[in-house]
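In this text, all values refer to a predicted model and were calculated from it rather than measured experimentally. Quick note: numbers below take in every heavy atom, side chains included, and nothing from hydrogens, waters or symmetry partners.
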Amino acid sequence: MFRVLLFSICLPFLSISQQSSGKSWTSIGLKGSINKKIDWAGSFTARIGGSNDQIYFPQVSLKYKVTKWFRPSADYRAIFSLNKYGNYSFTNRLNLNAEFKYVLNRFSLSARLRYQYSFDRLISSSNYDSEYDQAIRWKPEISYDINNSFISPVINIELFYNPTNGSLGQRFTKYRVFIGVDLEFDSPHELSIGYMLDQKINLPNPSRKHILSINYAYNLSYKKKKKK
């Protein structure tokens, strides 16, 4: 199984028929806490490439703290996507997440398992898109808190799996690699900047996207850290 997955990831880099494009993903959000166990968040994201490659979506989320290392959450996302005819199509999406986190000295290790489901969207085996349709996603991540620095390097990889039946079903369809930094200002402002490689696999005419990612959020529940 591991060899098959590794081959699937490496194969697209050997292909000369790739469709490659550049995009920018920017997000602005607001977050806070209802109580010690429940957190909420709201955000608006713009994903822009070419003139006919634009996606906008507001999202609201609730997260429940079961333990320090396990926090399930749910997201609702309303997606507006510009098509080739110059019109925006609308899709609803629901994400169910299981997040795990472990801190080891200055390293932070985490993983997210996500099931996503889109409704009021008609699909077939020939136009399946892991970004909009039913998918299972696994995202491990590692970050490092540099001593006496507001910069924390972050790297993660996310695998997309299509669980549906059909000619393109029950297979890995995409992976996404992110390399960037979290900027910690010891304030309510949270900022993340990085580069993302979005690569489709095991699909006809696989595409590759090079993405500049910028995410900002204001934390209403922020409490200033006490200096030791």
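Between the side chains of Asn105 and Tyr144, not a single donor N or O lies within less than 3.5 Å of an accepting N or O. If you check the side chains of Asp182 and Ser192, you find a donor sitting under 3.5 Å from an acceptor. Inspection of the Asn215 and Ser213 side chains reveals an N or O donor paired with an N or O acceptor under 3.5 Å. Counted by atom type alone, Arg171 and Asn162 present zero donor-acceptor pairs between their side chains at under 3.5 Å.
By the 4.5 Å heavy-atom criterion applied to side chains, Phe160 and Lys200 are not counted as neighbours. At a threshold of 4.5 Å between non-hydrogen side-chain atoms, the residues Glu190 and Phe185 do not count as touching. The shortest distance between side-chain heavy atoms of Phe57 and Thr91 does not fall below 4.5 Å.
Using a cutoff of 4.0 Å between basic side-chain nitrogens and carboxylate oxygens, Lys23 and Asp198 are not scored as salt-bridged. In summary, Arg114 and Glu158 do not engage in a salt bridge, as defined by a charged side-chain N under 4.0 Å from a carboxylate O. At a threshold of 4.0 Å, the pair Lys65-Asp39 does not count as salt-bridged, since none of the basic side-chain nitrogens sits closer than that to a carboxylate oxygen.
In this structure, the separation between CD1 on Ile38 and OH on Tyr64 is 7.0 Å, given to the nearest 0.5 Å. Rounding to the nearest 0.5 Å places CZ of Phe100 at 11.0 Å from OG of Ser110. Distance check: Ile28 CD1 to Ile214 CD1 gives 12.0 Å after rounding to the nearest 0.5 Å. Rounded to the nearest 0.5 angstrom, Tyr222 OH and Asp186 CG are separated by 3.5 Å. The CE atom of Met196 sits 9.5 Å away from the CG atom of Leu212 when rounded to the nearest 0.5 Å.
Counting only distance, with no hydrogens or angles, the side chain of Tyr195 and the backbone of Val177 share no donor-acceptor pair below 3.5 Å.
In this structure, Tyr117 places its OH atom where only 12 or fewer heavy-atom neighbours from other residues, nucleotides or ligands lie under 6.0 Å away.
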Could you go through residues 148-156 and list every donor-acceptor pair under 3.5 Å that involves a side-chain atom there, pairing it with any protein atom two or more places apart or in another chain?
residue: Ser149; atom: OG; partner: Ile151; partner atom: N; Å: 3.1
residue: Ser152; atom: OG; partner: Glu184; partner atom: OE2; Å: 3.3
residue: Asn156; atom: ND2; partner: Glu141; partner atom: OE1; Å: 2.9

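Considering only residues two or more places apart in sequence or on other chains, Tyr102 meets the side-chain contact (heavy atoms from CB on, under 4.5 Å) condition with Leu104, Leu109. Thr67 pairs by the side chain to side chain donor-acceptor pair (under 3.5 Å) definition with Trp69, not counting sequence neighbours.
Tested against Asn97, the residues Arg71, Gln116, Arg137, Arg112 include a single side chain to side chain contact (heavy atoms under 4.5 Å, CB included) partner, Arg112.
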